[in-house]
S.K.: 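If you scroll down you'll find the structure; I have some questions about it.
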Amino acid sequence: MGNSPTVLIMAAGRGTRMRSALPKVLHPVCGRSMLDWVIEAARAAEADPILVVSRPGDGVAETLADDVISVEQVAGEGTGAAVLAARDRIDENDTVVTLSGDHPLISPELIVELVATHAQSGAAATLLTTDQLDPTGYGRVVRDADGGFERIVETKETEGLPGELLALREINIGCYAFGAGPLFSALETIAEDDGERYLTKVFPAIAAGGLGVEMLNTTDVSSALGVNTRLGLAEVERIARRRIVERHALAGVYFALPESVVIDADVTIGPDAEIGAGVLLTGTCEVGPGARIGPQTSIVDSFVGEGATILHSHVVQSRVEAGATVGPFSYLRPGAEIGAAAKAGTFVEIKNSKLGAGAKVPHLSYIGDADIGAGANVGAGAITANYDGFAKHRTMIGERTRTGVHTSFVAPVNVGSDAYTGAGSVITEDVPDGALGISRPEQRNIEGYTKRIDKERAGE
Ligand code: UD1
Ligand code: CA
């Protein structure tokens, strides 16, 4: 397809040093798998097609979007075996860029630069290198006397390696451009080391065949960062997190304490929103313009409308519409919908319930499986008894209705519009529109009680 390179992402490695049951490339960085970051970079570099090599049954193929071709590495170990697995899917006249699924910060610009350098030089293979990182554990690039490519030496195990080799600072980033024909011809010829077929061995083979090997030395350090351990993952995530905050700040978002917030990659925030200290916005969230979040608030997979306020609260899979206020100390559970200018106040838990526009639940309440009409006010200490031990039932409260403090709603129950409930009532029967529902014993006063008790105590 035109000048679009074929991009092959190697994602089948065992990644044993992550010490995790999860395949390495599925570990998340700011809410998105390492592999998805690499795929996103390939898309941004206008790659077509994008192929991902994974192991049968490791769960990676299932995560791939429809525009990505899945290839299985059925046989062999090592990066060379990974590339060989895709042989039948690649035309020998293609330019193929191979990327590692464990370099989540690879930049699209660098991929484009690699392809351009490769095309200009006419080489059969071009590799990316850098000397700006701690080279420990990476493949070292050995150049010949003229500064040309000689070979790559792996340094994960350093035993028996000469000091001058370990002193080399230039590393192989593990991101290459190849002519597909020469790549696969060379791959067939290379021998295995300790049962692994190293892709890095193709470069000497290509050079020995009289074809050119080009190198592109880059200062793009984050593109070069490969993740092999959870410590490496934490380092990459720190960089990604800072970049996300910077991007939002440049787009007009105010951060009270930028270094204290965690914002995932798939979060959008409108201009003039204010993000306080200790805020976590994770998963897929949409925060409207001028919204005020925090301090100390976590929001997961939720929508927050324009100018809404949420403080000291935990919000999961909920919607908070424009101008609504939540908290301090609210817990919105999946399916909570707080209508425009509505309020979920202090120590309020809401689940699978809808508050109409301007409705208020100001204090100390549990609202589950309820529909509360616009403009209603639910008094302090309201509880929906939504579960009868067998099934969940709904509570309906009509528009503009005002319920007294400490009302229990034993669902299923329907309180009409413009109605009231008496303080302390247990509402088990429907309340018609405009009525007062009250259910509590009449008060009885016992005159002279204190005097009588005092006398009894004195033994009179
Ligand atoms: C590789 C390079 C090394 C380079 C480093 C950069 C080789 C032999 N070495 O080392 O020179 O400095 O990357 O980070 O290539 N994979 C498969 N199938 C396999 C094995 C690996 O798909 O059988 C994938 C992994 O998922 C990973 C990538 O290939 O995404 C690289 O493999 P990894 O084992 O991490 O290679 P490194 O030892 O880091
Ligand atoms: Ca690696």
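Index from 1, following the sequence.
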S.K.: Stepwise, does the side-chain contact (heavy atoms from CB on, under 4.5 Å) test hold for Gln120 with Thr117?
M.R.: CA-CA 5 Å; Gln120 272 161 25; Thr117 304; 5.5 Å; no
S.K.: Closer than 3.5 angstrom, by distance alone: can the side chain of Ser298 be matched with the main-chain N or O of His314 as a donor-acceptor pair?
M.R.: no
S.K.: Checking salt bridge (Lys or Arg N to Asp or Glu O under 4.0 Å) for the pair Arg140/Glu164: CA distance, chi angles, key distance, verdict?
M.R.: CA-CA 11 Å; Arg140 304 300 163 85; Glu164 75 239 38; over 6 Å; no
S.K.: Can you give the donor-acceptor pairs under 3.5 Å from side chains of residues 359-366 to other protein atoms, not counting sequence neighbours?
M.R.:
{"residue": "Ser365", "atom": "OG", "partner": "His363", "partner atom": "O", "Å": "2.8"}
{"residue": "Ser365", "atom": "OG", "partner": "Ala382", "partner atom": "N", "Å": "3.1"}
{"residue": "Tyr366", "atom": "OH", "partner": "Asn386", "partner atom": "ND2", "Å": "3.4"}

S.K.: Show, in sequence, the C-alpha distance, side-chain angles and deciding distance for Leu99 and Cys175, and conclude whether the side-chain contact (heavy atoms from CB on, under 4.5 Å) test is met.
M.R.: CA-CA 5 Å; Leu99 305 177; Cys175 175; 3.1 Å; yes
S.K.: Looking only at heavy atoms, which two atoms of Thr155 and Pro135 are closest? And how far apart?
M.R.: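 Reported closest heavy-atom pair: OG1-O, 4.1 Å.
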S.K.: Examine distances only and state if a side-chain atom of Ser260 and a backbone atom of Pro258 form a donor-acceptor pair shorter than 3.5 Å.
M.R.: no
S.K.: Quick one: which of Asn228, Asp58, Thr229 gives a side-chain hydrogen bond (donor to acceptor under 3.5 Å, both in side chains) with Lys24?
M.R.: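 Running side-chain hydrogen bond (donor to acceptor under 3.5 Å, both in side chains) over Asn228, Asp58, Thr229 with Lys24 returns exactly one hit, Asn228.
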S.K.: Kindly compute the distance separating OG (Ser302) from CD (Gln317), expressed to the nearest 0.5 Å.
M.R.: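 Reported value, rounded in 0.5 Å steps: 7.0 Å.
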S.K.: Tell me every residue that passes side-chain contact (heavy atoms from CB on, under 4.5 Å) with Pro271, counting only those two or more places apart in sequence or in another chain.
M.R.: Pro289
S.K.: Should Arg55 and Glu77 count as an ion pair when the cut-off is N to O under 4.0 Å?
M.R.: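 Salt bridge between Arg55 and Glu77, a charged N being under 4.0 Å from a carboxylate O: yes.
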S.K.: For the atom pair OG (Ser121) and CE (Met215), what is the distance rounded to the nearest 0.5 Å?
M.R.: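 The OG atom of Ser121 sits 11.0 Å away from the CE atom of Met215.
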S.K.: Does Ser107 reach the main-chain N or O of Ser223 with its side chain, forming a donor-acceptor pair under 3.5 Å?
M.R.: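 Looks like no, no N/O pair under 3.5 Å.
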S.K.: Nearest 0.5 Å, what's the CZ-CD1 distance between Phe255 and Ile275?
M.R.: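 Phe255 atom CZ to Ile275 atom CD1 measures 5.5 Å (nearest 0.5 Å).
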S.K.: Could you check whether atom CD of Glu72 has more than 12 heavy atoms from other residues, nucleotides or ligands sitting under 6.0 Å from it?
M.R.: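 Buried by this count: over 12 neighbours within 6.0 Å.
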S.K.: Which atom pairs, one a donor and one an acceptor, fall under 3.5 Å between side chains of residues 290-297 and the rest of the protein, sequence neighbours left out?
M.R.:
{"residue": "Thr297", "atom": "OG1", "partner": "Pro295", "partner atom": "O", "Å": "3.4"}
{"residue": "Thr297", "atom": "OG1", "partner": "His312", "partner atom": "N", "Å": "2.9"}
{"residue": "Thr297", "atom": "OG1", "partner": "Ser313", "partner atom": "N", "Å": "3.2"}

S.K.: Under 3.5 Å, is there a donor-acceptor pair between the side chain of Asp91 and the main chain of Asn93?
M.R.: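 Judged by distance alone, yes, a pair lies under 3.5 Å.
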S.K.: Tell me yes or no: between the side chains of Gln132 and Thr219, is some donor less than 3.5 Å from an acceptor?
M.R.: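 Distance-only check fails for Gln132 and Thr219.
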S.K.: Please confirm whether the backbone N or O of Glu170 pairs with a side-chain atom of Thr129, one donor and one acceptor, at under 3.5 Å?
M.R.: no
S.K.: Side-chain contact test, heavy atoms from C-beta onward, threshold under 4.5 Å: evaluate it for Arg17 versus Lys156 and give yes or no.
M.R.: yes
S.K.: Check whether more than 12 heavy atoms from other residues, nucleotides or ligands sit under 6.0 Å from atom CD of Glu157, and answer yes or no.
M.R.: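 Incorrect, the count does not exceed 12.
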S.K.: Which salt bridge (Lys or Arg N to Asp or Glu O under 4.0 Å) pairs, counting each pair once, include a residue from residues 215-244, with sequence neighbours left out?
M.R.: Glu237-Arg241, Arg242-Glu246
S.K.: Just wondering, do Leu168 and Val141 contact through their side chains at under 4.5 Å, heavy atoms?
M.R.: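 No, every pair of side-chain atoms sits at 4.5 Å or beyond.
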S.K.: Mind running side-chain contact (heavy atoms from CB on, under 4.5 Å) on Ile106 and Trp37 for me, showing each step along the way?
M.R.: CA-CA 8 Å; Ile106 184 84; Trp37 282 88; over 6 Å; no
S.K.: For the pair Arg197 (side chain) and Leu187 (backbone), establish whether a donor and an acceptor sit closer than 3.5 Å, ignoring hydrogens and angles.
M.R.: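 Looks like yes, one N/O pair under 3.5 Å.
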S.K.: Taking all atoms of both residues into account, what is the closest heavy-atom pair of Ile397 and Ala376, and its distance?
M.R.: CG2-CB, 4.4 Å
S.K.: With side-chain contact (heavy atoms from CB on, under 4.5 Å) as the test, would you mind laying out the steps for Phe178 and Val202 before giving the verdict?
M.R.: CA-CA 10 Å; Phe178 293 102; Val202 301; 3.7 Å; yes
S.K.: Side chain of Asp134, backbone of Thr136: donor and acceptor closer than 3.5 Å?
M.R.: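 Answer holds: yes.
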S.K.: Report yes or no: does Ser330 contribute a side-chain atom to a donor-acceptor pair with the main-chain N or O of Gly345 at less than 3.5 Å?
M.R.: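 Yes, Ser330 side chain to Gly345 backbone: donor-acceptor pair under 3.5 Å.
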S.K.: May I have all residue pairs that pass ring pair (Phe, Tyr, Trp, His ring centres under 6.0 Å) and include part of residues 54-113, sequence neighbours excluded?
M.R.: none
S.K.: For Ala370, does its backbone N or O pair with a side-chain atom of Ser353 as donor and acceptor, under 3.5 Å?
M.R.: yes
S.K.: Evaluate whether atom CG of Asp194 has more than 12 neighbouring non-hydrogen atoms of other residues, nucleotides or ligands under 6.0 angstrom away.
M.R.: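 For Asp194, atom CG is not crowded (no more than 12 foreign heavy atoms under 6.0 Å).
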S.K.: Taking all atoms of both residues into account, what is the closest heavy-atom pair of Val253 and Gly270, and its distance?
M.R.: CG2-O, 3.6 Å
S.K.: If every non-hydrogen atom of Ala42 is compared with every non-hydrogen atom of Ile50, which pair is closest and at what distance?
M.R.: CB-CD1, 3.9 Å
S.K.: Locate the shortest heavy-atom distance separating Ser100 from Gly174; write the atom from each residue and the value.
M.R.: OG-O, 3.4 Å
S.K.: Is there a donor-acceptor contact under 3.5 Å from the side chain of Arg333 to the main chain of Ile350?
M.R.: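 The answer is no, because no donor-acceptor pair under 3.5 Å joins these two groups.
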S.K.: Do Glu46 and Val112 touch side chain to side chain, with heavy atoms closer than 4.5 Å?
M.R.: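 Of all side-chain heavy-atom pairs linking Val112 with Glu46, none is under 4.5 Å.
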S.K.: ring-ring contact (aromatic ring centres under 6.0 Å, His included) for Phe203 and Tyr198? Distances and angles first, verdict last.
M.R.: CA-CA 10 Å; Phe203 299 101; Tyr198 288 161; over 10 Å; no
S.K.: To the nearest 0.5 Å, how far apart are CG in Asp144 and CZ in Phe149?
M.R.: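 Nearest 0.5 Å value for the CG-CZ distance: 10.0 Å.
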S.K.: Considering the options His393, Lys392, Lys351, which one meets the side-chain hydrogen bond (donor to acceptor under 3.5 Å, both in side chains) requirement together with Asp369?
M.R.: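 Result for side-chain hydrogen bond (donor to acceptor under 3.5 Å, both in side chains) with Asp369: Lys351.
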S.K.: Out of curiosity, Ile152 CD1 to Glu150 CD, how far, rounded to the nearest 0.5 Å?
M.R.: 11.5 Å
S.K.: Rounded to the nearest 0.5 Å, what separates atom CG in Leu64 from atom CD1 in Ile39?
M.R.: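 Leu64 CG to Ile39 CD1: 5.0 Å, rounded to 0.5 Å.
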S.K.: With sequence neighbours left out, which residue pairs that include part of residues 266-287 fulfil the side chain to side chain donor-acceptor pair (under 3.5 Å) condition?
M.R.: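 Pairs touching residues 266-287 that pass the test: Arg32-Asp266.
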S.K.: Would you please test His118 and Thr95 for side-chain hydrogen bond (donor to acceptor under 3.5 Å, both in side chains) and show each step?
M.R.: CA-CA 9 Å; His118 180 74; Thr95 294; 4.7 Å; no
S.K.: Are Glu154 and Asp193 close enough that some pair of their side-chain heavy atoms sits under 4.5 Å apart?
M.R.: no
S.K.: Between Gln73 and Pro56, which heavy-atom pair has the shortest distance, and what is it?
M.R.: O-CD, 3.5 Å
